[in-house]
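First up is the structure itself, then whatever we jot down about it.
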Number of protein chains: 2
Amino acid sequence: MADEERLELCDCECIHDDVVCAVNKTLQPAREYENLAALLKLFADATRVKLLHALEQHELCVCDLAVLLGVTKSAVSHQLKLLRMSNLVKSRREGQIVYYSLADDHVRQIIDMGFEHLWE
Amino acid sequence: MADEERLELCDCECIHDDVVCAVNKTLQPAREYENLAALLKLFADATRVKLLHALEQHELCVCDLAVLLGVTKSAVSHQLKLLRMSNLVKSRREGQIVYYSLADDHVRQIIDMGFEHLWE
DNA sequence: TGAATAGTTGAGCAGTTGTTCAACTATTGA
DNA sequence: TCAATAGTTGAACAACTGCTCAACTATTCA
């Protein structure tokens, strides 16, 4: 293994140099894992994932979601802002009312995969 | 809609009773969303998701992972304990060395789905 | 048996997160 | 044009998370 690819050793002797080096080559740059974690963090809250699951069924306004989730409109709005900025939901305004819906089918797939894991 | 299914109203007039009630019937019990969020929370950290992605390639010991992730063995061990208790990874001991690997193909699927969303 | 090494654990700390409250903007309709 | 209502925003706070440190256990081997 070339010097520029060598990883810093730890304090032990057990390290499997060849395997570690091979695996390291298949890993993504650090930034990719930060982005992935940031994406999956959006599903890592019960309120938010319930909100997304509700939007799987039908587009809903802020008030509808507040009722369904049992939290204030403010809390819903804060979460929707996060989700909108991350391109997980999209919105359309009709007069005073803003309707939210899923922006992307990956949301459904990730949630379904999660439930599948839990239910088997 | 029957009284026992009626949801508490919010302070607005816009609520779409019929849609909200219909969506509410399709939702899971609160506990399911807590479980789902707890599962997906395990993927919501850059160190942990990189660790899982490394284990996709090959089984690795604590020390290997510490080197790959650039953190202490203690940090890795704490994370592995979480992941093991959640049945995302499994371990086998060989002498002094404990080898970790993925317990379940859903890990791979969730990570792949996440990367797919990010890369499109 | 005892030194060396791989791994685990608990305490404690710094940084992050989700909520509410209060004040704000946007749109409607009388 | 002004009151009513849907939604947004920023500040503040309590709860949670991931890390390191230090001390511990488990296993090997001389």
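Within every chain, numbering begins at 1; the chains are lettered A, B, ... in the order of the sequence lines, protein sequences first and strands thereafter.
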Quick one: [X] [atom1] to [N] [atom2], roughly how many Å, whole number?
X       : N      : atom1 : atom2 : result
A/Leu65 : D/dT8  : CG    : C1'   : 15 Å
B/Phe43 : D/dG18 : CZ    : C1'   : 18 Å
B/Leu51 : C/dG7  : CG    : P     : 13 Å
B/Lys50 : D/dG18 : NZ    : C1'   : 16 Å
A/Arg92 : D/dA6  : CZ    : P     : 16 Å
A/Ile15 : C/dA6  : CD1   : P     : 10 Å
A/Leu82 : C/dT19 : CG    : P     : 10 Å
B/Leu83 : D/dT17 : CG    : P     : 14 Å

Are side-chain heavy atoms of B/Leu83 and B/Leu51 found at a separation under 4.5 Å?
->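 A side-chain contact exists here, since the closest heavy-atom pair is under 4.5 Å.
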Distance from A/Thr26 atom OG1 to B/Glu56 atom CD, nearest 0.5 Å?
->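 Going from the OG1 atom of A/Thr26 to the CD atom of B/Glu56 covers 9.0 Å.
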Could you state the interatomic distance from CD (A/Glu32) to CG (A/Leu36), rounded to the nearest 0.5 Å?
->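 Result: 8.5 Å between the selected atoms.
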How do B/Ser77 and A/Gly70 order along DNA chain C: which one's closest nucleotide is nearer the 5' end?
->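 Nearest nucleotide further toward 5': that of B/Ser77.
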For the side chain of [X] and the backbone of [Y], is there at least one donor-acceptor N/O pair under 3.5 Å apart?
X       : Y       : result
A/Gln79 : A/Ala75 : no
B/Asp64 : A/His16 : yes
B/Ser77 : B/Lys73 : no

Ring stacking, A/His78 with base of D/dT9, under 5.5 Å and under 30°?
->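 A/His78 vs D/dT9: stacking yes.
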If the cut-off is 4.0 Å, is [X] near the phosphate of [N], judged by side-chain N/O to OP1 or OP2?
X        : N      : result
A/Thr47  : C/dT19 : yes
B/Arg48  : D/dG18 : yes
A/Lys41  : C/dT17 : yes
A/Lys81  : D/dT9  : yes
A/Lys73  : D/dT8  : no
A/Thr72  : C/dT20 : yes
A/Tyr100 : D/dA6  : no

Describe the nucleic acid contact of B/Tyr99 in one word from base, sugar-phosphate, nothing, applying a heavy-atom distance below 4.0 Å.
->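 B/Tyr99: no heavy atom of the nucleic acid under 4.0 Å.
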Which nucleotide, D/dG7, C/dT19, D/dC19, lies nearest any side-chain atom of A/Ala75?
->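 For the A/Ala75 side chain, the nearest candidate turns out to be C/dT19.
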With no angle test and no hydrogens, is the base of D/dC21 tied to the side chain of B/Ser74 by a donor-acceptor pair under 3.5 Å?
->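 Such a pair is found, so the answer is yes.
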Record whether the side chain of B/Gln96 comes under 3.5 Å of the base of D/dT28 through a donor-acceptor pair of N or O atoms.
->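 It does not, because no donor-acceptor pair links the side chain of B/Gln96 to the base of D/dT28 below 3.5 Å.
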